[in-house]
**Q** 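Here it is, the structure, as structure tokens.
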Amino acid sequence: MSDPTQTTPAVADPVIAGFHPDPSICRVGDDYYLVCSSFEYFPGVPVFHSRDLVRWTQIANALERPSQLHLSADTPSSGGVYAPTLRHHDGRFWLIVTVVSKGGGNMLVTATDPAGPWSDPIRLPGVPGIDPDLAWDDDGTCWCTFAGIGQVRIDPRTGETLGSPHKLWSGTPGAAAPEAPHLYRIGEYWYLLIAEGGTERGHGVSIARGSAPDGPFEPCPANPILTHRGTDHPVQNTGHADLVQAPDGTWWMVLLGVRPRGGTPGWHVLGRETFLAPVTWEDGWPVVGALSPGTPVGSAAGRDDFDLAELQAYWISVRSRPEDLCSTKERAGWLTLRARGASLDDADVTFLGRRQQHLEWCARTLIDLSQGRGGLAVRLDERHHYEIEAGDGQVRVIARIGSVRTVVAEHPVPAGPLVLGVRTDESQPPHDPRTGPDALSFGVETEDGGFTVLATLDGRYLSTEVAGGFTGRVIGMYAAAGSVHFDWFDYKPPPFA
Ligand code: 6LW
């Protein structure tokens, strides 16, 4: 048992903070591009750009049209879009991904500009499983490698499989879940990088090499080449990696990791985030260095006044985003959400949110309830969310934890627009082992700019260790009845005033 009086060491920073797992990276000239999984959210597959591997800007979502991504209403939370691979070949970007949803499966989209537009999907019905990878041989043969670890040749222009899938490698004997394969030609070898041990605390990265893309492969004697299992490192669950070479010849790994906080067993609330590590080579095997210092701030802190006709790329909705239910065009300068589902418990809730990217943060929104009821929510999934909801002259804080749904606080409010807010409770010491990972205070802003807290809730119930699944917290606005208008949404790290 760990010593409960021991406090958690200082955290290391990701390069892309918040729920941005399963990173896949490629470089073209001086430009790096990176994509992540997006699960039940729409649009899907955020695309990032960087020149230095540390500072990343989101430039698109690859799956942003209903013709590219249809997530049926019965797509469970943590179903949907899994583990893309991004490659540049023959003057085009190729993105292959699994959509875990009715009518989904493995598919690929292409673009000449990673900022879009991306093509409609080419389906790959003959590619089984999840985590597909793409690699090309010198003669143009395209190898698709998938979790398990298996492989099949494909024609990426038609989606046809050429021959039957064959088993490639099972990873370290006895290790769970060999997955996330990436195949590379580096020097005289073909390298097969995989994740194993499961995407939880046992996660790690292993590698094998051979002289042909379809094996046989010889495992690295130093496997796993990366894992934080059983260590006191503040970043845990490290795995699901991809390699890239910089223009100066140095090698780098992007990988996912989580930042658990609080007492035992530790809760992480931001989902799996993207980290960076340097790679050197010894005897033809990669050696992964300590995680690089990342950037302390995520991509998109700040205020959105909803003055643009199109929503910014970081906004995501649950499963779909029909324009007649979610638009900045209906009332200029405002976001209008029209209710479909009646609450965040419903699969078809009208919701627009952004990933939580900071450990301490505050979000506020100015809401006009003259035509409906709605609010501000922190969502992990349908069964795990907290929200502050207003309408009919009342404001209430609601907590949904597993099968339990309860109104925690209720208060009358005067008619007219209202500022709703949620913030991490700064009075809670974040590294106190007796507490959860954080505490969230929900309230309303007073006329003089003060903040009246209606309820403070333990953040552990909106963590992956409680809720399960592959995602992280998303903070946003929703409509519960009628039409609800939002003048602005502000999200930022401290100071809150
Ligand atoms: C993904 C698998 C994994 O498909 O988690 O961490 C799964 N690795 O490779 C969901 O992201």
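Note that ligands are numbered from 1 as they come in the structure, with each ligand's atoms numbered from 1 the same way.
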**Q** Which residues pass the ring-ring contact (aromatic ring centres under 6.0 Å, His included) test with Tyr82, not counting sequence neighbours?
**A**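 In terms of ring-ring contact (aromatic ring centres under 6.0 Å, His included), with neighbours along the sequence ignored, Tyr82 is linked to Phe39, Phe470.
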**Q** Should Arg379 and Glu40 count as an ion pair when the cut-off is N to O under 4.0 Å?
**A** yes
**Q** Does Arg87 pair with Asp242 as a salt bridge, N-O distance under 4.0 Å?
**A** yes
**Q** Please tabulate, line by line, the atom pairs linking an N/O of ligand 1 to a protein N/O at a distance below 3.5 Å, with the distance in Å to 0.1, or answer 'none'.
**A**
residue  : atom   : partner : partner atom : Å
ligand 1 : 4 (O)  : Asp131  : OD1          : 2.6
ligand 1 : 5 (O)  : Arg272  : NH1          : 3.2
ligand 1 : 6 (O)  : Thr199  : OG1          : 2.8
ligand 1 : 6 (O)  : Arg272  : NH1          : 3.2
ligand 1 : 8 (N)  : Glu179  : OE2          : 3.2
ligand 1 : 8 (N)  : His240  : ND1          : 3.1
ligand 1 : 9 (O)  : Asp131  : OD1          : 3.4
ligand 1 : 9 (O)  : Asp131  : OD2          : 2.5
ligand 1 : 9 (O)  : His240  : ND1          : 2.9
ligand 1 : 11 (O) : Asp22   : OD1          : 3.4
ligand 1 : 11 (O) : Asp22   : OD2          : 2.5
ligand 1 : 11 (O) : Arg272  : NH1          : 3.4
ligand 1 : 11 (O) : Arg272  : NH2          : 2.7

**Q** Does a salt bridge link Arg473 with Asp438, judged by any charged N lying under 4.0 Å from a carboxylate O?
**A** yes
**Q** Assess whether a salt bridge exists between Asp345 and Arg405, defined as any Lys/Arg side-chain N lying under 4.0 Å from an Asp/Glu carboxylate O.
**A** yes
**Q** Are the side chain of Ser37 and the backbone N or O of Ala83 linked by a donor-acceptor pair below 3.5 Å?
**A** yes
